Structure formats: C-alpha cells, structure tokens
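First the structure, in the form of structure tokens, and then the observations on it.
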Number of protein chains: 2
Amino acid sequence: MKLSQGVEWGVHCATLLALAPAGRSVRKEGLAGHYGLPETYLGKHLQAMARAGILQAVTGPKGGYRLARSAEEITVLDVVEAVEGAQSPFVCQEIRQRGSGALAPEQCRRPCAVHAVMARADEAWRASLRAVTLADLVDRLPPGIRERNTELAAQAAGPGSPAGPGGPASRASR
Amino acid sequence: MKLSQGVEWGVHCATLLALAPAGRSVRKEGLAGHYGLPETYLGKHLQAMARAGILQAVTGPKGGYRLARSAEEITVLDVVEAVEGAQSPFVCQEIRQRGSGALAPEQCRRPCAVHAVMARADEAWRASLRAVTLADLVDRLPPGIRERNTELAAQAAGPGSPAGPGGPASRASR
C-alpha cells in the first residue's frame, strides 16, 4: 500500500498557492521549479486538483493556478482525494460467500465484520486528514519561511485577475 | 493506494483458526477450500503471518496452521502488518529541500508539517485496527455462524498436538 508522490507534491503546491498574492495565479513551471518537480507529471496532478474544485486553472499565456476557495476551506483530505481518488484502499471481495464454507446471501444482510473494521479505520484516516486545512499548514511553516515563501510565490505569480483583488477565495473566472 | 487481497484472506483465515479446537491446526488446503482461495497464494500470506508470530506452522503430513497466541492477543493490525508490512503509505521525499525554493538543512530540523499530518493520519488508521482483536471478530459473527464455523474448523483440523489441549494460546511446538 503506497500513496502516490503526487500527494506530497499537491499538498506542498497548494500550500504555496495559499501564500500567493490575492487573485493571482502561479504557472505550473513556477510551482515545479520551486520544488524541483517534473513539470509534465506535476501538471497532471494540478489538473486533477482543478477538476476536484480545489484549484482554479487560469488560461492564457500568463495563466496558471490559484486556489479555487480560501485556504481555510481546503483540507489536506481534499488534496489527497483529488490526487489519489476517494476509494477505500480495502476492497472487500466477500470471501465469506465463497468456497465450501460459503454463507448464504440471507446470512449476509449485515456487512462483513472484517469489512466494517477496515471501513472504520479508513474513516479514521480520512477524519484525521479532514481536520487539517491549508491555512493550518501555512501556520505551521517554520519561522521566517512563511514570509520567504510568500515573497517567492509573489515573484512566481502572474498579473492579477481582471476581477480585481478578490483573493484566493474569489471564484471570479477570467 | 490499495491493500493486498491477502489482508481480507488473512483476517478471515485467522478468525477461522480462532474457532478451531484447542491445540489443533488446520491445513492450508482446508483454509483455502473454506473461502475458495488459491492455495499457493494463500500459503505465502500464511507463511508471512507465521513469520510475524501470529500463526504457528505445524509441520508434518497432518500439520497446518494454528494461532500462535490467543485470539484476544491478536489484533487486526497484527494481521494487516504481517501481510502488508508496517511502513506508512506516505513516503516523504522532503521536496521542501529541493528546487529553487529549497530550505537549508538547518531550517528543516523539525519534521515537515505535511509529513507530520500524514504520519498522524497513518497512526489513526493503525490505532483503529489495533483496537479490534480476532476475539472481537468472532463475537461479531452473525447468529449461528460462529457455531457452524466452529464445526467446520473442527472438521478441517488435524489431530491434537502432543503437547496436549493447550489451546490456541499454547506456544508448545511439535
């Protein structure tokens, strides 16, 4: 069982976008360069995050990505599920209904206890990731790093949106 | 991110072994037949569970597997880690130290916040699985199924250990 590297990339890039100036987007190349990541592969994850409604893709030669809602409203789980999908890592094959010891369907009206235990653990994992937002991660940056990354994000960011300084929470499109 | 099918197989088989008569082992073929599983592939998981100290492999023509300790002392996490390994699904590549935005090593004395969040979620998952034992799973079997599976486990079980009816908790070897 292994999570895609895209999870680490996605959470770090979204946290950097949370520091970008209000309403301005950062190009894929800027995000890739900041963390030394392969552009094409990172691009696929950024697109997945846009499809999931976490990022807003700004088109045009000076386009890029910005947060689609405020950093307080995006959880680490949102990013993880955008990159990895939301399906549980445990896939129940209902083996209690197979083989010489097979239970009859009417004996299986309640979910299998093994399945239920795995589902509860999966929900515990998701609840833990749901409890942390991008804003929390920004708050946990080491002293000085927040200011430095804010400056780097501003350098990497393109011009502001015609919709004005709506900030990352702005849903204005261009 | 996907767990091996062996997790479902391992937990179900261990729960069936918890119902076998005290001190008696069940052959791999008996376990595979009960759940309609491929013998060779199941055998690899049973061996992993024996290496992890959950099962005891009883050698000889009438040998097989029995629990190495009592069902109250074996958690679902024990089985999951025996089959899947105990490593976290999140592998931190420390991308905060890479690229044009790289932090210096002295700025990274504390673990990365992203890494810490993922580690906490992983621990929540493991804690949930650690809270349930094979004895709990036996208790959760639907009415009548416990008795039926106890009978089937007895039919599949080989003769008792020369060490006597020590029960599944007995560590006596043969």
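Chain identifiers are assigned alphabetically (A, B, ...) following the order of the sequence lines, protein sequences preceding nucleic acid strands; residue numbering begins at 1 within each chain. Source: prediction; values computed, not measured.
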Closest non-hydrogen atoms of G101(B) and L152(A), given as atom of the first, atom of the second and distance, are CA-CD1, 4.1 Å
Any sub-3.5 Å donor-acceptor pair from R140(A)'s side-chain atoms to A113(B)'s backbone N or O?
-> no
If you tally heavy-atom pairs under 4.5 Å between each of L77(B), V76(B), I145(B) and chain A, the highest tally belongs to I145(B)
Smallest heavy-atom separation, F90(B) atom then V7(A) atom, equals CE1-CG1, 4.1 Å
inquiry  = I'd like to know if L31(A) and L67(A) are part of one continuous hydrophobic network [Ile/Leu/Val/Met/Phe/Trp/Tyr, side-chain heavy atoms within less than 4.5 Å].
reply    = yes
If one checks every heavy atom of Q155(A) against chain B at 4.5 Å, the contacting part turns out to be neither
| Derivation of the side chain to side chain contact (heavy atoms under 4.5 Å, CB included) call for Q5(B) and I95(A) | CA-CA 10 Å; Q5(B) 287 192 333; I95(A) 67 168; over 6 Å; no
If you group Ile, Leu, Val, Met, Phe, Trp and Tyr by side-chain heavy-atom gaps below 4.5 Å, do L19(B) and L134(B) land in one group? no
Worksheet item: Are L103(B) and L37(A) co-members of a hydrophobic cluster defined by side-chain heavy atoms under 4.5 Å apart?
Response: no
Minimal heavy-atom distance between A121(B) and S128(A), with the atoms involved, is CA-OG, 3.3 Å
Bottom line for R110(B): the part with an atom under 4.5 Å from chain A's heavy atoms is neither
Max heavy-atom pairs within cutoff under 4.5 Å with chain B, candidates L16(A), V80(A), T15(A), L137(A), goes to L137(A)
Applying a strict under-4.5 Å side-chain criterion to I, L, V, M, F, W and Y, I'd like to know whether L42(A) and I74(A) cluster together. yes
Looking only at A116(A), G144(A), G36(A), most heavy-atom pairs under 4.5 Å shared with chain B are made by G36(A)
Within the 4.5 Å heavy-atom criterion, are V91(A) and E8(B) side-chain neighbours or not?
no
Ranked by heavy-atom pairs below 4.5 Å to chain B, first place among G85(A), A124(A), C112(A) goes to A124(A)
Whatever's closer than 4.5 Å to a heavy atom in chain A on E151(B) counts as neither
Is it possible for you to say whether W125(B) and V83(B) belong to one hydrophobic cluster, with membership spreading through side-chain heavy-atom contacts below 4.5 Å?
yes
So, the part of R148(B) with a heavy atom under 4.5 Å from chain A: the answer is side chain
To the nearest 0.5 Å, atom OH of Y35(B) lies from atom CZ of R96(A) at 10.5 Å
Taken to the nearest 0.5 Å, the spacing of M118(B) CE from L129(A) CG works out to 5.0 Å
Assert top hit (heavy-atom pairs under 4.5 Å, partner chain B, pool C92(A), S4(A), A127(A)) equals C92(A)
Value for CG (L141(A)) from CD (Q107(B)), rounded to nearest 0.5 Å, stands at 11.0 Å
Looking only at N149(A), V132(A), V11(A), V114(A), the option with the highest number of non-hydrogen pairs under 4.5 Å against chain B is V114(A)
dist H12(A):NE2 -> Q93(B):CD (nearest 0.5 Å) comes out at 10.5 Å
Bottom line for A102(B): the part with an atom under 4.5 Å from chain A's heavy atoms is backbone
Most contact-rich option vs chain B, by heavy-atom pairs under 4.5 angstrom, among G99(A), A131(A), P89(A), P142(A), is P89(A)
Bottom line for V117(B): the part with an atom under 4.5 Å from chain A's heavy atoms is both
Under 4.5 Å to a heavy atom of chain B? For C108(A) that would be neither
